[in-house]
There are 2 protein chains.
Amino acid sequence: MKAMYFDTLNELDTEVKILAAAKTVFIRKGLDGATMQEIADEAHISRTSLHYYFRNKDKLFEIIFSESLNKLTPKFNMIIDMPVPLFKKIEFFVENYLNILIENPSLPSLIVHELSRNPQSIVDILKTKGIKLDKLMIQIEIEKMQGALSDFSITQFITNIISLCVFPFLVKPLLDDFLFDNDSGQFDRFLEQRKKIISDMIIASIKK
Amino acid sequence: MKAMYFDTLNELDTEVKILAAAKTVFIRKGLDGATMQEIADEAHISRTSLHYYFRNKDKLFEIIFSESLNKLTPKFNMIIDMPVPLFKKIEFFVENYLNILIENPSLPSLIVHELSRNPQSIVDILKTKGIKLDKLMIQIEIEKMQGALSDFSITQFITNIISLCVFPFLVKPLLDDFLFDNDSGQFDRFLEQRKKIISDMIIASIKK
DNA sequence: TATATTTTTGACAACTTTGTCAAACACATT
DNA sequence: AATGTGTTTGACAAAGTTGTCAAAAATATA
């Protein structure tokens with residue numbers, strides 16, 4: 001059994017401390033750029049201790065990555081499952097998706113980076129999480145037949161909505177510098193504005 | 001002076017061969033993941049030769065990266081400088097930008113990856129290339145006053161157009177698997193369709 | 001206090017990667 | 001053929017990274 005510590009406010013559980021440190025470093029350097037030493041330093045423990053908790057770098061990365069994805073997919077499915085018309089669902093989705101991303105702003109970079117390093121691993125992980133795209137497609141087909149929607153391409157539609165939500169997080173440093181004069185508050189306000197802008201654009205693009 | 005070779009069709013100039021190989025490897029593995037050995041293998045030369053042509057890995061990367069960006073910025077400025085109304089300019093931009101990306105489909109991944117590894121380097125490089133965003137903003141202000149445009153946010157507008165063009169390239173493996181049934185031709189057709197879809201969406205979002 | 005269990009660490013060996021050197025090689029000119 | 005220039009290579013040393021081990025330290029239990 002684990003030894004019991006009298007945790008002070010700074011002395012978090014070591015595993016948690018490691019996971020936080022590793023996430024920071026992996027986002028900063030990518031899987032290849034990060035070293036176990038740097039992660040250990042970031043967590044203020046010895047590298048040997050790090051190995052004691054997580055056998056090796058790949059394992060550690062996989063855990064962090066999978067854990068991060070778990071924040072996304074359940075919410076996706078929850079929204080898809082809601083019994084509301086598509087337009088309403090779009091508003092919900094954009095609002096919620098952006099909120100998740102605001103809380104995990106470096107998640108997109110992590111995913112995109114790993115995607116170019118090892119596409120199949122991401123595809124596999126996502127498949128086990130099982131996003132119910134089919135269900136969404138069926139709803140769209142039904143509403144199309146009912147006459148509220150134009151005959152748009154579902155593929156383009158999905159790509160559009162994700163693009164508009166995610167992309168700003170991928171290029172935040174560029175936006176900060178070229179559009180926001182390096183004023184950190186501006187990005188947040190920009191995202192708040194963006195919720196309505198994205199919904200409006202998407203809905204306009206599929207309305208009959 | 002360089003020795004003259006009787007180039008056969010396969011025997012390209014070594015420097016060119018190296019740059020192509022390095023680009024391939026850097027895109028596959030990122031700067032950190034790539035090794036000089038792997039690049040040398042990809043170019044079918046010895047690692048020592050590789051060092052002879054390009055002193056070290058960082059230098060090599062910088063050259064490739066800068067060269068890649070050079071494909072983008074001149075065209076951006078050319079389009080900004082065209083004496084046509086904004087709507088027309090948008091169509092031109094989307095068409096041209098997507099064409100450049102189609103020819104350099106892994107450029108976005110390279111940029112985004114480097115952006116999270118070392119944001120300032122990208123910002124600096126882009127600043128030396130000098131994209132004339134100001135000029136575009138002025139045109140928009142003028143057309144707004146003339147009454148053809150709604151009072152939209154220029155920042156959101158720029159983000160939208162870039163997001164919609166670039167994002168699909170960043171997640172191509174996901175699209176291929178989840179939307180295109182791993183049929184490689186579908187992505188290309190998808191992008192052709194997309195040219196008009198993006199223009200239409202953007203224009204609709206700023207029209208009065 | 002004595003004992004058992006968990007956690008942490010320093011030291012080590014194996015391996016990879018990098019960058020340099022001097023020597024070998026290929027080709028062109030004389 | 002001899003010389004010179006540019007190119008390629010094998011061998012090397014230096015540095016960094018990884019993962020393991022046995023021993024020490026910290027903590028819990030008897």
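A, B, ... follow the sequence lines: proteins, then strands. Residue 1 opens every chain.
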Query - Ring-ring centroid check A/Phe61 A/Phe54, cutoff 6.0 Å - result: no
Report task. Under 4.0 Å between any heavy atoms, over every strand shown, what does A/Thr35 touch: base, sugar-phosphate, or nothing? Just pick one. Result -> sugar-phosphate
Query raised in the report: When all nucleic acid strands are considered with a 4.0 Å heavy-atom cut-off, which category describes A/Arg47: base, sugar-phosphate, or nothing?
Result: base
Does [X] have a side-chain nitrogen or oxygen under 4.0 Å from the phosphate oxygens OP1 or OP2 of [N]?
X	N	value
A/Tyr52	C/dT8	no
A/Lys57	D/dT17	no
B/Thr48	C/dT18	no
B/Tyr53	D/dT8	yes

**Report entry** cation_pi(B/Lys144, B/Phe152) dist<6.0 Å, angle<=45
**Finding:** yes
Query raised in the report: What do the steps show when you test A/Glu38 against A/Arg28 for salt bridge (Lys or Arg N to Asp or Glu O under 4.0 Å), and what is the final call?
Result: CA-CA 11 Å; A/Glu38 189 177 357; A/Arg28 193 162 58 214; 3.2 Å; yes
Please give, in whole Å, the distance from [N] [atom2] to [X] [atom1]?
X	N	atom1	atom2	value
A/Phe54	D/dT20	CZ	P	15 Å
A/Leu50	C/dT7	CG	C1'	14 Å
B/Gln37	C/dT17	CD	C1'	9 Å
A/Lys17	C/dT8	NZ	C1'	11 Å

Report task. Would you mind telling me which of D/dT8, C/dT20, C/dT8 lies closest to the side-chain atoms of B/Ser49? Result -> D/dT8
Query raised in the report: Any idea which of D/dT18, D/dT20, C/dT6 is nearest the A/Arg55 side chain?
Result: D/dT20
Query raised in the report: With a 4.0 Å cut-off, would you call A/Glu91 and A/Lys88 a salt bridge?
Result: yes
